[in-house]
Amino acid sequence: MTEVPNNSSTEKSLNFIEQIVEDDIAAGLHAGRVHTRFPPEPNGYLHIGHAKSICLNFGLADKYGGKTNLRFDDTNPVTEDTEYVDSIKNDLHWLGFGWENEFYASDYFEQLYQFAETLIEKGVAYVDDSTAEEIAVQKGNPAEPGTPSPHRDRPVAENLDQFRKMRAGEFPDGAKVLRAKVDMTSPNMQLRDPVIYRIKHAHHHRTGNDWCIYPMYDFAHGQSDSIEHITHSLCTLEFIPHRPLYDWFIEKLNIFPSHQYEFSRLNLTYTVMSKRKLKTLVEDGHVTGWDDPRMPTIAGLRRRGYTPASIREFCDRIGVAKRDNLIDVGLLEFCVREELNRTTHRIMAVLTDGRPDAQPLKLVITNYEEGREEIMRIENNPEDHEAGERDVPFGREVFIEHDDFIENPPKKFFRLFPGGMVRLKGAYIIKCDEVVKDDAGTITELRCTYIPESRSGSDTSGLTVKGTIHWVSAAHAVEAEVRLYDRLFQVENPAADERGFKDLLNPNSLQTVRAFVEPALIQATRSGSLTNVQFMRKGYFVIDPASTPDRPIFNRTVTLKDAWAKEQKKG
RNA sequence: AGCCCGAUAGUAUAAGGGUAGUACAACAGAUUUUGGUUCUGUUUGUGGAGGUUCGAAUCCUUCUCGGGCUACCA
């Protein structure tokens with residue numbers, strides 16, 4: 001037993017599954033072959049929890065020179081649909097993964113049927129006429145042993161005959177089931193003669209009406225792994241008690257010994273991960289669809305502006321273990337900010353509040369010649385000088401945000417206030433001389449003077465100001481719709497709350513506002529050269545697919561970190 | 001209740017009998033034409049009790065706590 005010295009301090013430690021794989025390779029198991037699979041049921045859209053599993057399965061194969069199959073677990077025809085098959089494949093590609101084989105559990109229906117006959121012939125499976133309720137009673141509860149079905153000792157020949165008649169469609173739904181004869185007294189409920197085939201006269205998305213009996217998940221999943229010679233079958237913790245059953249089938253059938261390993265599923269703060277709950281949100285109209293930017297689905301994150309690399313980075317950082325966890329959504333946000341900071345162009349956009357007639361704050365530069373116009377050259381990304389510069393028109397009237405002016409500023413406020421100075425980003429330093437209000441006392445306009453010598457890039461004014469704010473030339477501003485998204489739920493862990501999850505929704509998870517943006521942004525988004533951008537000082541935004549040329553829509557991916565907001569909270 | 005899985009800073013995740021480390025978060029400061037970025041520093045941890053050992057987060061016992069299982073769903 002010699003230990004490979006871990007002499008590189010930058011080397012990442014292995015998670016427990018990687019340890020297992022490395023041990024298996026070292027032991028020569030399956031000749032060092034690593035073959036994983038990602039096995040979604042096509043009955044819903046992929047979410048960030050699936051992304052964890054995807055990154056694990058594909059990442060493992062990639063790391064150890066193996067392969068990964070995509071296999072749709074489609075054993076329940078009434079809940080599954082090709083719509084979901086397509087969306088799953090699309091999301092997988094988008095995340096950046098390609099699969100070795102595209103398989104379906106339904107590809108194995110005939111083989112699985114034969115497996116079932118084999119078990120019958122071996123005397124370890126039987127046709128049971130009991131109703132679902134009767135079977136539940138027979139199983140009993142974990143504290144005491146179950147009781148055998150009256151049909152448990154049916155002769156092999158009769159079982160075979162009955163099972164063939166089930167396949168032939170001679171019985172209505174629910175009339176009979178095939179059960180594995182394992183152990184009605186097992187403390188593991190999964191082993192108390194589980195149902196392995198049921199009658200469902202239903203149309204299947206792939207096999208059509210070929211079958212009226214369908215294998216249960218437990219009779220399809222492990223054997224599918226085995227058929228595909230999957231070496232490491234990874235799934236979440238709740239399937240731990242099923243593993244002895246899979247091993248039992250493999251042993252009775254004498255087929256390839258795939259081994260299952262279980263890890264804990266991902267939970268994220270302020271959202272839900274259950275497919276059923278997500279489906280409810282969609283069906284009840286709490287969100288606009290599976291791809292609503294508030295949803296933790298891959299489609300939702302994509303529309304929200306998350307990138308594949310940021311999601312993969314997140315999955316890498318959260319790790320893989322067996323303890324229950326609740327990951328701070330802030331980590332996901334960190335990952336996307338980290339990438340977008342590096343890659344996106346900066347654009348100035350002045351946002352208003354949610355009122356439909358909301359106006360930005362107009363700033364008139366009284367000593368700037370009427371009708372004069374300058375083009376400011378502003379760098380696109382201070383993190384990437386290769387990103388170049390863009391032209392930004394400047395004039396006598398500009399829009400700024402109401403938040404950037406306070407008549408009676410608190411301490412440490414270094415934006416604009418009466419008599420105060422700020423720099424207009426990429427342009428001049430200005431001084432606020434006068435506040436204009438309407439009859440209701442609402443501030444409608446700021447009258448300012450600019451310092452001609454302070455032009456950005458050739459500043460000889462000698463002035464230094466504490467604040468720089470963003471702006472848009474009133475004469476050139478283009479109106480856009482901006483959707484500000486916030487967390488979907490108002491509590492950290494909706495799944496653990498005794499209240500119904502629908503009562504915990506954040507009523508302010510979406511705020512739609514008018515915005516006035518640089519003309520350059522509209523040109524760029526029309527040409528498709530920009531998708532993700534940073535609105536300076538506001539956050540990262542992405543063009544929404546529902547945009548039209550004359551009605552651009554931007555979704556906020558995530559805000560920038562906001563030290564001022566934090567300062568204000570301190571009071 | 002029976003069986004199974006788990007427990008390391010606020011949240012995650014390492015340390016495989018020998019210095020409890022990393023990331024995010026938080027806090028403080030520096031830099032900054034984004035209150036962004038970047039940089040520096042700081043705070044915070046082995047669930048309890050026994051045992052084995054020169055030495056225990058790690059091995060053993062036990063308790064406590066959290067989670068899972070009792071679908072003709074997956």
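Chain naming here is simple, since letters A, B, ... match the order of the sequence lines and numbering starts at 1 in each. All values derive from a computational prediction rather than experimental measurement. When reading the values below, keep in mind they use all heavy atoms of this one structure, side chains included, and skip hydrogens, waters and symmetry mates.
- B:A25 and B:U40 have their P atoms separated by 15 Å, given to the nearest Å.
- Judged by distance alone with a 3.5 Å cut-off, no donor-acceptor contact links the side chain of A:E383 to the base of B:U38.
- Atom-to-atom, OH of A:Y214 to P of B:A71 comes out at 24 Å; the value is rounded to the nearest Å.
- Partner assigned to B:U52 is none, using Watson-Crick or G-U wobble distances below 3.5 angstrom.
- At a cut-off of 3.5 angstrom, counting only N and O atoms as typed in the model, there is a donor on one side and an acceptor on the other between the side-chain of A:S456 and the base of B:U33.
- Counting heavy atoms from C-beta outward, A:R423 and A:S456 have side chains that approach closer than 4.5 Å.
- A ring-centre distance under 6.0 Å is not found for A:Y45 and A:H47.
- Across B:A71, B:G36, B:G6, the shortest atom-to-atom separation from the side chain of A:N341 is found for B:G36.
- Pair assignment for B:A7: B:U64, on the basis of Watson-Crick or G-U wobble contacts that are both within less than 3.5 Å.
- Nucleotide B:A74 holds its P atom 9 Å from the CG atom of A:N43, rounded to whole Å.
- Listed nucleotides B:A74, B:U34, B:C24 differ in distance to A:T468; the shortest reach to its side chain belongs to B:U34.
- Counting only heavy atoms from C-beta on, A:A321 has its side chain closest to B:U13 among B:A26, B:G35, B:U13.
- Side-chain proximity of A:P142 to the nucleotides B:G36, B:U70, B:C3 is greatest for B:U70.
- For A:N76, counting side-chain heavy atoms from C-beta on, the closest listed nucleotide (B:A74, B:C72, B:G35) is B:A74.
- The side chain of A:D328 approaches B:U11 more closely than any other nucleotide in the set B:A14, B:U33, B:U11.
- Nucleic acid contact class of A:P382 (heavy atoms, under 4.0 Å, all strands): base.
- Remark: C1' of B:A74 and NZ of A:K200 are 12 Å apart, rounded to the nearest angstrom.
- Scanning atom types as modelled, no donor and acceptor separated by under 3.5 angstrom connect the side chain of A:R537 and the base of B:U34.
- Here the side chain of A:R317 is nearest to one of B:G36, B:C72, B:A23, namely B:A23.
- For a distance-only test at 3.5 Å, the side chain of A:R323 fails to qualify as a donor-acceptor partner of the base of B:G66.
- Between A:I318 atom CD1 and B:U13 atom C1' there is a gap of 11 Å when expressed in whole angstrom units.
- Remark: the separation of the P atoms in B:U58 and B:U8 is 13 Å, to the nearest Å.
- In this structure, the CG atom of A:N380 is 15 Å from the P atom of B:U34, given to the nearest Å.
- Each of B:U13, B:G36, B:U70 was ranked by its minimum atom distance to the side chain of A:N325; first place goes to B:U13.
- Between A:F334 and A:D328 there is no side-chain heavy-atom pair separated by less than 4.5 Å.
- Separation of the A:Y113 and A:F163 ring centroids falls under the 6.0 Å cut-off.
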A:Q138 and A:R152: side-chain hydrogen bond (donor to acceptor under 3.5 Å, both in side chains), yes or no, with the steps?
-> CA-CA 11 Å; A:Q138 291 159 18; A:R152 195 169 198 262; over 6 Å; no

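- Straight-line distance from the NZ atom of A:K411 to the C1' atom of B:G35: 18 Å, rounded to whole Å.
- A:M189 places its CE atom 17 Å from the P atom of B:A1, with the value rounded to the nearest Å.
- When distances are taken from the side chain of A:Q190 to each of B:U70, B:A12, B:U33, the shortest belongs to B:U70.
- A distance of 6.0 Å or more separates the ring centres of A:F489 and A:Y270.
- When rounded to the nearest whole Å, the span between NZ of A:K538 and P of B:G36 equals 14 Å.
- At a threshold of 4.0 angstrom between heavy atoms, the contacts of A:V465 with the nucleic acid are absent.
- Of the candidate nucleotides B:G35, B:C72, B:A74, B:G35 has the atom nearest to the side chain of A:K412.
- Of the C1' atoms belonging to B:G17 and B:U11, the separation is 29 Å, rounded to the nearest Å.
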I would like to know whether A:R342 and A:D384 meet salt bridge (Lys or Arg N to Asp or Glu O under 4.0 Å); could you show each step before the answer?
-> CA-CA 7 Å; A:R342 236 174 28 234; A:D384 175 17; over 6 Å; no

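- The same atom, P, is picked in B:A7 and in B:G47; the two are 9 Å apart, to the nearest Å.
- Nucleic acid contact for A:G426: base, since at least one base atom lies under 4.0 Å from a heavy atom of the residue.
- Atom C1' of B:G6 sits at a distance of 15 Å from the matching atom of B:A12, rounded to the whole Å.
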